[in-house]
Asks: 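Below you'll find the structure I mean.
Lettering of chains follows the sequences in order, A, B, ..., and the numbering in each one begins at 1.
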Amino acid sequence: MMWLCISALLLWTESGQCAEMTNTSELIQYTTVDFFEKLHSGKMMFIYFERKVSPTISLFLVELEKSAEVLQDYGVLVGKVNCNKEAVHTYCTDERRLHTAFLFRGGKEFLGLDLDTVFDVNSIVSEVLFAILREEVKYVHTDADLVAMEKAARGQKDLVLGYVQSLGTHEHRSMMEMAYVYGSKYQFILITGGPVLKYLGVNESSQVWFLHCRVHSGLTTSTTSERCPLTHMRKPLSVLSLHSFLQLMEAPLVSEVYEDPSLVPPPPFPYQGTPQVFLFSRLPTKHLDMDTATRLAWRLRGIALLLLVHRQSPAVKTPDEYNAAYRLPEKSLEVKYMTLRNLDDVLELFTNKEKEEEEDEGDNEEEEEEDESDFALDDEIASAVYKNRGSLLDTDSVTQLTSENFHAAVAQSGLTVALFYLKWDAVSMAFLSSFIEVAERLADAEVNDVQMSTVDCGEWTDLCAAEPGSSLPVLFQPITVFPSILVFRPQESAQHYRGMLGSKALYRFIMLSCPASPAPLSSQEEVASFLQEVPHPELAGYKKPDRVLGLFKMQTHAGVPVFTKAAKSLRGEVLTGLLTDGLAEKWAADHTVDLPVVLVFPSWRTHTYPSKLSVSSSAEELLAHISTALLHPVPELTVESLPSFLSLGKALLILFVGEEEDEIGWRQNQMLVEEMRRVVKLGEGKMEPFLACWIHLGHTPAGMSVLGSYLGSMPPLPALVLTHLPSGDEIYRYPPNTPIVAPSVLQWLQRIEDRTESPAGLLGEDSWPPAEEFYDFLKIMDMQEPGSTQQQMPKKEEVEEKEEEQVGDEEEENVDDFGTNYNNSGTNYNNSTTTTASDVTINMSTHHQENGVKGQEIEVSFKRSPWPFSGNMTRVTLMMELINPNKVC
Amino acid sequence: MVFVTRCLCCVCVCVCVCVCVCVCRYPRHRKLISINKIHTGRSNPEFNLRHDWNSLLSDRRELLLKRVSSDFYPPADAFTLYLSMFEKELGLKVRYGADIGRIRAVQTDGDRSYILTDQHASDYKCSVLLVATGLWVPQKVEFVGSELVEGYESISTNPEDYKDQAVLILGKGNSAFETAQSIMGRASRVHMLSSSTVRLAWQTHYVGDLRAVNNELLDTYQLKSLDGVLEGRLEHLVIAQQKESGRRRSGGTKKKKKKGKLYVTLKKYVQNQEGKNNSDVSAEELAGYHIDNFPLRNTYDRIIRCLGFRFNFTIFDRSARPPNSEKAKGRLPGVTAWYEGKNTPGLFVLGTAAHSRDYRSSAGGFIHGFRYTARAVHRVLEHRYHSNHWPSTKLLTTQLQSWILKRVNEASGPYQMFEVLGDVILLRGSHCEYVEEFPVQALPQFSSLSGHEVSNHGLIVVVMQYGKTKIDFLGRTRAESDWTKAWKSNFLHPVLYFYDTLPTEEEMKLRPKGWPLPRSKAIHHMVEDFLTEWDSPISHIQPLRRFLEHCVQSDLRTFYAESCFRFSLTHRKPPLFCQQGYLKQQGVAHGSQLRQSVHDAGLMPTERDTDTSGADPAFPNYLAQAGASVSSGLKLGI
């Protein structure tokens with residue numbers, strides 16, 4: 001406030017001097033008629049009703065006149081009404097309004113502004129625009145407000161946050177003018193104080209930040225963090241600086257070029273004058289270089305433009321010693337090259353020229369880096385597990401099995417479900433939480449005879465390897481797939497759970513595992529209950545179970561063990577029952593089947609019409625027949641069911657139906673599916689190579705992107721598509737305007753066979769090359785330590801030996817000769833193999849037969865030793881070399 | 001004690017000679033310096049062997065040294081006790097008291113066999129001979145007066161016997177320092193002399209170098225407490241004994257027949273060396289006469305030789321004698337990379353005697369190292385004589401990453417025998433064959449030794465390595481934590497080499513300096529870890545995955561079932577992970593299904609695809625809409 005008063009005072013004295021000019025002013029004077037006319041036309045007007053003339057007011061009028069020109073651009077008429085000539089009612093009469101100027105909008109008074117707040121051009125323009133943009137420009141006080149704003153803007157708009165020390169200033173005006181222009185593009189936020197400043201790390205002066213909330217393609221950091229990344233405008237706030245800053249925010253983060261920096265043109269309009277920073281990229285480290293460039297670009301955003309120069313392009317002539325370059329177009333077009341060790345060096349280059357603010361930059365960086373590491377995982381499951389690393393799993397509901405307690409635990413419980421996992425395996429860890437969820441659910445449902453347990457194979461490696469070792473029997477094969485879920489029952493070999501790794505599927509499996517398999521059925525009632533009742537009330541909400549019933553004349557029939565074996569392996573997936581003797585015969589007679597027979601009751605069919613299978617000679621064969629009988633002829637493809645249908649290897653005739661909003665839609669979809677059935681019926685043998693099926697996009701939203709990728713765009717629903725043809729990758733689309741009726745579908749299929757239809761799309765490539773380049777250590781080692789990574793050249797025998805000797809025992813350090821030159825010149829004259837740990841390698845001829853060391857030719861090599869080899873052999877060999885460690889030589 | 005036993009391998013053609021002189025007599029001061037770390041905080045028996053340097057391998061995991069001693073540095077007698085327990089509990093057939101004095105090879109009908117003759121002139125014949133006779137012949141150096149020197153093998157171990165004596169110890173290895181340490185509290189001066197400077201095990205990572213447990217003398221030397229360490233060539237020493245007669249004037253009458261003091265001088269000052277009486281050296285011949293501050297100018301009461309041991313070659317006839325090793329001054333027998341004597345087919349060298357392969361670089365000279373190389377030889381024999389392939393584990397390629405992590409986090413063989421034993425992974429497309437602990441120097445002969453063929457998909461070798469640059473081992477820059485600089489790791493860390501074919505012998509020979517293997521097509525270093533736990537998602541796992549992806553040329557990422565569903569419908573084949581999981585009906589569902597499940601019969605809860613990394617970017621709008629919608633339950637045909 002203090003500042004305000006002072007500036008007002010200054011302005012007053014200043015304009016007092018040119019008071020005379022005010023008289024000649026051409027400030028628009030409105031007559032009452034004009035005023036009302038303009039008012040009723042709904043124009044925005046900023047009007048002062050002049051009655052008395054005081055120095056303050058005449059000063060104000062000068063400023064008002066200046067602002068007229070500016071505000072005209074924003075569609076605001078500025079003027080005064082001379083109340084002394086004709087009085088406009090109330091405005092000219094009310095004393096209290098003497099010191100107020102009014103803003104009219106839409107034919108009404110919109111706002112009155114006290115002359116204390118509108119005292120000069122800047123304050124008039126800023127206040128008027130602020131009032132007009134009241135709805136658009138937000139005001140935040142606390143950090144929480146800002147977080148909410150960021151959240152709301154995420155994916156939609158970027159935010160421009162301006163801090164002005166006080167309203168009505170030049171900075172305020174600049175902000176408002178820009179807000180007026182860019183208001184639809186960015187969300188402008190104004191702050192003048194409050195705790196939010198702490199987050200931004202504001203010091204004294206007015207400043208602007210750009211919050212990148214809209215997802216940028218080149219930007220990988222913003223998607224994971226709570227907060228939008230910030231860019232701080234380093235230049236003082238003005239219309240011009242703000243304008244070019246906002247322009248720069250639109251510039252691509254990193255541009256890739258294939259030319260030498262000297263040939264790259266200076267930045268185009270509107271970035272002209274912005275410094276350019278060039279980094280060089282090599283093909284093998286392309287992705288890393290891009291990452292580095294992106295990281296740096298973030299830090300340079302708003303200061304300089306970053307260009308990544310691809311060295312593989314022959315046009316790039318920059319010597320290898322340089323890894324960066326820059327150009328300051330404001331000064332010259334010359335490109336300066338440099339060798340960077342550290343990204344900060346570049347930053348310094350530009351920030352040194354600017355002043356102030358280093359601190360807040362630091363904060364931002366940290367945040368960004370953190371984000372980056374979060375996002376560094378490109379694996380769907382691994383990154384989900386990693387993101388969740390903060391939440392610890394509550395493992396109270398599961399038993400931890402060890403090599404010691406394993407056998408006792410398995411013997412104790414009717415059913416032990418054991419999850420074998422590795423803690424560094426993301427899938428294991430993702431599933432572990434589902435597993436615990438199942439355990440908790442079982443506990444809640446008071447299913448007591450099931451023991452849920454885990455085995456950490458990183459710790460109980462002997463248990464997981466199913467090592468024989470101990471006296472206890474080994475119940476399973478070594479675990480080599482993680483996670484693995486094994487089901488143990490006392491006295492039985494382990495059963496592998498082979499269903500989806502999800503809590504629902506596992507829960508259903510466990511509940512269906514509870515009844516015996518096959519369940520021996522001994523009365524008519526038991527048979528009825530087997531066929532109709534859900535084995536456990538908990539399963540009421542799940543997919544109805546399929547049932548298989550084996551009917552045999554006698555318990556001793558040869559088919560019984562085959563059926564029993566098959567039933568055992570179906571345990572948990574399908575309910576199986578065994579009916580023998582009199583009851584079986586009665587049942588067979590009632591249903592006109594001959595014994596032995598296996599009846600399959602798929603869940604999708606009423607139990608009165610089972611499929612009848614003869615008893616195969618082997619359980620495997622029987623299982624294959626059962627699973628075929630269980631398949632729905634016109635199935636709905638879901639995430640769960642797709643694999644079992646894909647394995648048929650048939651072409652897929654898929655009907656995509658949308659989510660039905662009402663009863664009518666529902667009936668429509670039902671009819672469409674019914675029509676698909678008719679296609680199968682009508683087509684008979686012709687339909688054999690096809691699997692008619694449907695995907696409900698409401699049940700299976702993933703189907704949407706499938707459909708989209710088939711056709712290149714999202715078609716109206718329903719859509720009928722033929723894909724996965726054995727003959728090729730073509731995808732055909734049923735003519736969208738033709739009603740889906742069986743005969744025309746068959747005709748369409750015929751046309752496809754005749755190759756008269758043209759495909760609507762293609763299946764993707766079958767090969768899945770690595771999504772990311774690997775980090776080529778060898779290349780980097782080659783670059784940084786050339787030579788150390790290369791195979792050695794074939795050498796002569798002696799050299800080879802010398803090298804081996806080098807690691808020999810009792811080696812010689814630089815031994816000094818006491819007898820002669822005390823300090824040095826000399827010498828390492830030894831007989832026998834001599835090597836130093838690092839510097840000198842000397843092998844000399846010797847007849848030292850001891851230890852079987854061969855006599856060798858002299859071979860001397862100094863690696864780093866500075867002194868020359870010299871000396872008199874005969875004399876020297878008589879010397880005893882002792883180094884006096886106390887007097888280092 | 002000499003015993004002959006049929007060895008671990010149970011190969012009927014083999015006889016194995018083991019000498020256990022070492023532990024019965026050595027170390028003289030009866031304290032082993034191989035650690036017996038019982039408490040590791042882990043229950044993983046394989047991992048725990050990384051920190052148990054004494055136990056032997058058997059099919060009985062619990063047969064460990066900790067059963068006989070709980071000392072971190074166990075007494076040597078505990079080890080003999082352990083060996084007899086080992087023999088008894090495994091029912092090993094050992095013949096004691098057979099002292100093999102001669103071994104010769106005979107050739108009959110193209111079959112080579114070895115004949116061993118014991119002290120009773122009984123012969124033992126075999127076609128495969130495993131020699132594990134260790135190193136027990138004391139290493140000596142000949143110089144004038146060397147007969148005045150006592151040997152480590154026979155010195156008194158009672159410190160009182162060294163009271164107020166000046167002692168010169170020749171040698172600077174563990175036995176020398178062990179001796180120095182035991183007497184330094186009684187002796188007046190302990191000086192240590194050998195040609196090389198002290199090598200500290202904690203700097204060289206070689207456990208045969210001076211261990212910190214023995215290095216108290218370094219303290220007393222550096223703090224100038226009368227002890228000291230010197231360098232000089234022992235061959236040039238002359239040791240002379242002071243004559244009794246020379247002591248007449250110094251009241252020698254009081255002292256009764258005291259042993260004469262020992263002088264140390266240099267060969268070059270001694271005249272007329274031939275026919276010289278050792279104990280007869282004139283004043284002019286003393287080094288101190290020529291160099292007035294000669295460090296060894298004072299006399300010693302005792303000079304002790306602690307120069308280590310060598311292999312006993314004398315029992316071998318010409319026909320069966322393995323050559324002297326190129327390394328270690330020929331103290332050891334020269335062997336191939338699979339420990340067969342060079343020029344002696346069928347004769348294998350095991351144990352400490354086989355240390356020439358990794359002399360002064362790895363742990364092959366010590367129990368915690370050779371227990372694995374012996375097992376490797378056993379596997380070679382199993383294949384050669386019984387046609388049993390090396391044990392291997394068949395893995396799905398999608399499981400390879402986890403398996404490698406499991407091995408680098410627990411395996412004791414490659415950890416102890418770093419740079420010598422490595423795991424070999426034979427890539428076969430959608431699956432691979434994992435062969436553990438193969439001697440990597442024998443890689444050119446991999447197929448013939450192991451029975452496994454290498455396919456055109458190539459192979460990966462996983463070894464543990466130390467950094468090769470000399471650094472300030474306790475300095476601030478000693479460790480690397482940035483995975484992109486993993487190749488600069490100084491501590492033990494896993495390194496993976498990818499080859500498309502087996503390297504040749506020539507390539508192996510000419511491998512880059514300091515490398516355990518030849519230059520390969522691609523290399524991956526896993527950055528060293530302070531905890532030696534290589535399981536961090538960003539620093540260890542993801543870079544490893546990308547390397548493996550490069551090797552197998554396939555995307556190895558994991559996907560939720562929904563992504564697999566999409567890939568399966570939009571491609572003829574989804575990525576490998578979906579092929580090996582989802583398509584086998586074992587897709588991975590998003591978590592927390594039960595809590596939010598819609599109890600609609602037969603319907604999946606609609607879940608929004610939250611992670612778009614695998615999603616088709618073309619349809620974000622539709623996905624978003626779908627995510628917002630709730631299933632209304634179409635009950636068709638049910």
Side-chain angles (χ1 to χ4, degrees), chain A residues 376 379-381 386 422 424-425 427 433-434 437 441 459 461-462 469 480-482 500-504 541 543 638-639 643 670 673 698 701-702 704-706 708-709 714 763-764 766 768 770-771 774 777-778 781 791-792 804 807 809-813 818 851-853 878-880 882-884, chain B residues 43-46 61 195-197 231-232 236 266 268 291 295 324 326 328-330 360 395 399 402 405 487 510 519 523 525 535 537-538 546-547 549-550 555 557-559 561-562 565-566 569-573 575 583 585 587-589 591 593-594 599 602 604 611 614 616 619 622 626 631 636:
Chain A
D379 180 293
E380 201 173 272
I381 298 180
Y386 186 73
L422 287 172
W424 48 80
D425 173 51
V427 178
S433 61
S434 302
E437 206 179 306
R441 177 66 174 275
E459 195 62 32
T461 185
D462 44 343
T480 56
V481 175
F482 298 94
M500 283 271 284
L501 299 176
S503 46
K504 269 196 108 175
K543 178 174 174 261
T638 61
V639 172
Q670 205 177 23
V673 172
M704 263 186 244
S705 72
V706 172
S709 104
M714 193 65 188
L763 285 175
D766 274 358
W768 294 87
F774 81 120
F777 279 106
L778 196 54
M781 287 154 80
Q791 289 284 101
Q792 298 176 50
E804 297 219 356
V807 282
D809 191 16
E810 302 294 323
E811 295 146 5
E812 193 80 8
E813 294 287 338
F818 266 67
N851 308 340
V853 171
L878 289 172
M879 294 175 187
M880 158 76 178
L882 281 174
I883 193 161
N884 184 338
Chain B
S43 331
N44 184 330
E46 181 62 27
R61 285 272 196 194
S195 59
S196 66
T197 53
E231 282 73 46
H236 301 165
L266 303 182
K268 62 183 171 185
I291 308 163
N324 289 81
E326 284 162 1
K329 290 185 180 171
R360 288 198 44 74
L395 296 169
Q399 294 293 322
S402 281
L405 289 168
W487 62 282
L510 298 176
R519 183 182 169 93
I523 285 183
H525 284 254
D535 61 358
I538 294 166
R546 290 195 180 154
F547 172 74
E549 283 177 339
H550 173 81
D555 192 338
R557 289 179 298 172
T558 59
F559 298 97
E562 254 177 75
F565 171 84
R566 266 199 310 270
L569 282 176
T570 54
H571 295 73
R572 204 169 277 283
K573 259 192 213 156
L583 287 191
Q585 309 192 17
V588 184
Q593 287 180 310
L594 289 176
H599 280 234
M604 255 291 277
D611 195 330
D616 191 330
F619 303 98
Y622 290 107
S631 156
L636 292 174

Asks: What residues form a side chain to side chain donor-acceptor pair (under 3.5 Å) with Arg519(B), not counting sequence neighbours?
Replies: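 Result, side chain to side chain donor-acceptor pair (under 3.5 Å) vs Arg519(B): Asp782(A), Thr789(A).
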Asks: Between atom CG of Leu422(A) and atom OG of Ser402(B), what is the distance when rounded to the nearest 0.5 Å?
Replies: 5.5 Å
Asks: What do the steps show when you test Asn44(B) against Glu459(A) for side-chain contact (heavy atoms from CB on, under 4.5 Å), and what is the final call?
Replies: CA-CA 5 Å; Asn44(B) 184 330; Glu459(A) 195 62 32; 4.2 Å; yes
Asks: Run the ring pair (Phe, Tyr, Trp, His ring centres under 6.0 Å) test against Phe482(A) and tell me which residues pass, sequence neighbours left out.
Replies: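 Phe482(A) satisfies ring pair (Phe, Tyr, Trp, His ring centres under 6.0 Å) with no residue once adjacent residues are dropped.
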Asks: Closest heavy-atom contact between Phe777(A) and Ile523(B)?
Replies: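 The answer is CB-O, 3.6 Å.
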Asks: Which heavy atom in Glu549(B) sits nearest to a heavy atom in Pro770(A), and how many Å separate them?
Replies: O-CG, 3.4 Å
Asks: Any idea which heavy atoms bring Asp766(A) and His571(B) closest together, and the distance?
Replies: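 Of all heavy-atom pairs spanning Asp766(A) and His571(B), the closest is OD1-C, 4.4 Å.
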Asks: Minimum heavy-atom separation for Pro643(A) to Leu583(B), with atom names?
Replies: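 Scanning both residues, the minimum pair turns out to be CB-O, 3.7 Å.
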Asks: Is Gln399(B) close to chain A through its backbone or its side chain, or both, or neither, when contacts mean heavy atoms under 4.5 Å?
Replies: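 The side chain, not the backbone.
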Asks: Chain A: which of Arg572(B), Arg61(B), His550(B), Gln585(B) shares the most heavy-atom pairs with it under 4.5 Å?
Replies: Arg572(B)
Asks: Supply the atom-to-atom distance Thr638(A) OG1 to Phe565(B) CZ, rounded to the nearest 0.5 angstrom.
Replies: 7.0 Å
Asks: Side chain from CB out, backbone as N, CA, C, O: work out which of these in Leu395(B) comes under 4.5 Å of a heavy atom of chain A, or both, or neither.
Replies: side chain
Asks: Side chain, backbone, both or neither: which part of Val427(A) has a non-hydrogen atom closer than 4.5 Å to chain B?
Replies: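 It is the side chain, since no backbone atom gets that close.
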Asks: For the atom pair CH2 (Trp768(A)) and NZ (Lys573(B)), what is the distance rounded to the nearest 0.5 Å?
Replies: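 Output value for this atom pair is 12.0 Å.
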Asks: Give, for atom OG of Ser705(A) and atom CD of Glu562(B), the distance between the pair rounded to the nearest 0.5 Å.
Replies: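 Those atoms lie 9.0 Å apart.
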Asks: Could you report the tightest heavy-atom contact between Phe774(A) and Arg546(B), atom names first, then the distance?
Replies: CB-O, 3.3 Å
Asks: Counting only N and O atoms by type, is there a donor-acceptor contact under 3.5 Å from the side chain of Asp379(A) to the main-chain atoms of Thr558(B)?
Replies: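 Such a contact is found between Asp379(A) side chain and Thr558(B) backbone.
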Asks: Looking only at heavy atoms, which two atoms of Ala589(B) and Gly502(A) are closest? And how far apart?
Replies: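 Smallest interatomic distance, heavy atoms only, reads CB-CA, 3.6 Å.
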Asks: Under 4.5 Å between any side-chain heavy atoms of Val588(B) and Ile381(A), yes or no?
Replies: yes
